[in-house]
Amino acid sequence: MDGDAKQRVKDALIAQAEAGLRSSQASVAEHDSAAMLDSDVADSVDDLSQSGEAADLGGLLDDVEDRQKRILAQIKGLDFGVKTAVAPGALVGFDGDRYVVGVVAEAFECDGVTYEGLSSDSPLYASLKGLGVGDTFSFGGREHRVDFLA
């Protein structure tokens with residue numbers, strides 16, 4: 001896989017993260033709106049309760065939005081140059097699965113291949129770190145072989 005192909009993977013990952021961020025922002029705006037009470041209308045206890053719950057949920061959604069922003073920044077900051085050893089920014093494959101190393105991400109597709117994020121804090125990454133194509137490692141009580149690296 002060359003640098004252009006890796007850039008397409010990065011672009012697809014960024015597009016997924018941006019879509020997640022937009023969704024989080026829309027949810028925050030929706031719940032912020034629900035939390036606001038009309039000052040011209042007498043507020044019932046039920047209205048106040050629902051407004052309070054919406055505000056609490058809005059705070060949680062703000063946290064989700066902030067997390068999405070951090071993930072997007074992390075993706076954009078990864079060095080996606082071609083790698084010869086498993087490290088952040090590498091694409092690694094084994095057992096028919098492929099991963100983008102260095103970021104948490106849900107499954108996404110690029111050029112007909114499905115990738116998932118693999119955090120550099122994960123135990124799986126600890127088993128893969130520094131390995132190259134053909135190297136074997138043990139994880140989950142099984143032996144695996146790195147069959148793809150870019």
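Bear in mind that the values here come from a model prediction, so they are computed numbers and not experimental data.
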With clusters defined by side-chain heavy atoms of hydrophobic residues (ILVMFWY) lying less than 4.5 Å apart, directly or transitively, does Leu72 cluster with Phe108? yes
For Ile71, the option from Leu13, Leu21, Val103, Asp66 that meets side-chain contact (heavy atoms from CB on, under 4.5 Å): Val103
Got a sec, which residues hit salt bridge (charged side-chain N to carboxylate O under 4.0 Å, His left out) with Lys69, two or more places apart in sequence or on another chain? Glu65
State plainly whether one hydrophobic cluster holds both Val113 and Met1, where clusters connect Ile, Leu, Val, Met, Phe, Trp and Tyr through side-chain heavy atoms under 4.5 angstrom apart. yes
Could you grab the distance from atom CD of Gln7 to atom CG of Asp2, nearest 0.5 Å is fine? 11.0 Å
Side-chain heavy atoms under 4.5 angstrom apart, residues restricted to Ile, Leu, Val, Met, Phe, Trp, Tyr: same cluster for Tyr125 and Ile75? no
Side chains of residues 131-150: which donor-acceptor partners sit under 3.5 Å, not counting sequence neighbours?
unit_1, atom_1, unit_2, atom_2, d
Asp135, OD2, Gly132, N, 2.7
Ser138, OG, Glu143, OE2, 3.3
His144, ND1, Asp95, OD2, 2.4
His144, NE2, Phe139, O, 3.0
Asp147, OD1, Phe94, N, 3.4

Where the side chain of Lys10 meets the backbone of Leu78, is there a donor-acceptor pair that is under 3.5 Å apart? yes
Do Tyr115 and Asp97 have side-chain heavy atoms sitting under 4.5 Å apart? no
Go through the structure and list residues passing salt bridge (charged side-chain N to carboxylate O under 4.0 Å, His left out) with Glu18, not counting sequence neighbours. Lys76
Test salt bridge (charged side-chain N to carboxylate O under 4.0 Å, His left out) applied to Asp79 - qualifying residues, sequence neighbours left out: Lys83
What is the distance from atom CD of Gln16 to atom SG of Cys110, rounded to the nearest 0.5 Å? 11.5 Å
If two hydrophobic side chains count as joined below 4.5 Å and joins carry through other members, does Val101 share a cluster with Leu91? no
The criterion is side chain to side chain contact (heavy atoms under 4.5 Å, CB included); which residues satisfy it with Ala107, sequence neighbours excluded? Thr114, Glu116
Verify the cluster assignment for Leu128 and Val9: are they in a single hydrophobic cluster under the rule of side-chain heavy atoms below 4.5 Å apart? no
Would you check, one step at a time, whether the test side-chain contact (heavy atoms from CB on, under 4.5 Å) holds for Leu118 with Val100? CA-CA 6 Å; Leu118 176 62; Val100 177; over 6 Å; no
To the nearest 0.5 Å, what is the distance between CG (Leu124) and OG (Ser122)? 5.0 Å
For residues 99-111, pull every pair meeting salt bridge (Lys or Arg N to Asp or Glu O under 4.0 Å), keeping only residues two or more places apart or in separate chains. Arg8-Asp111
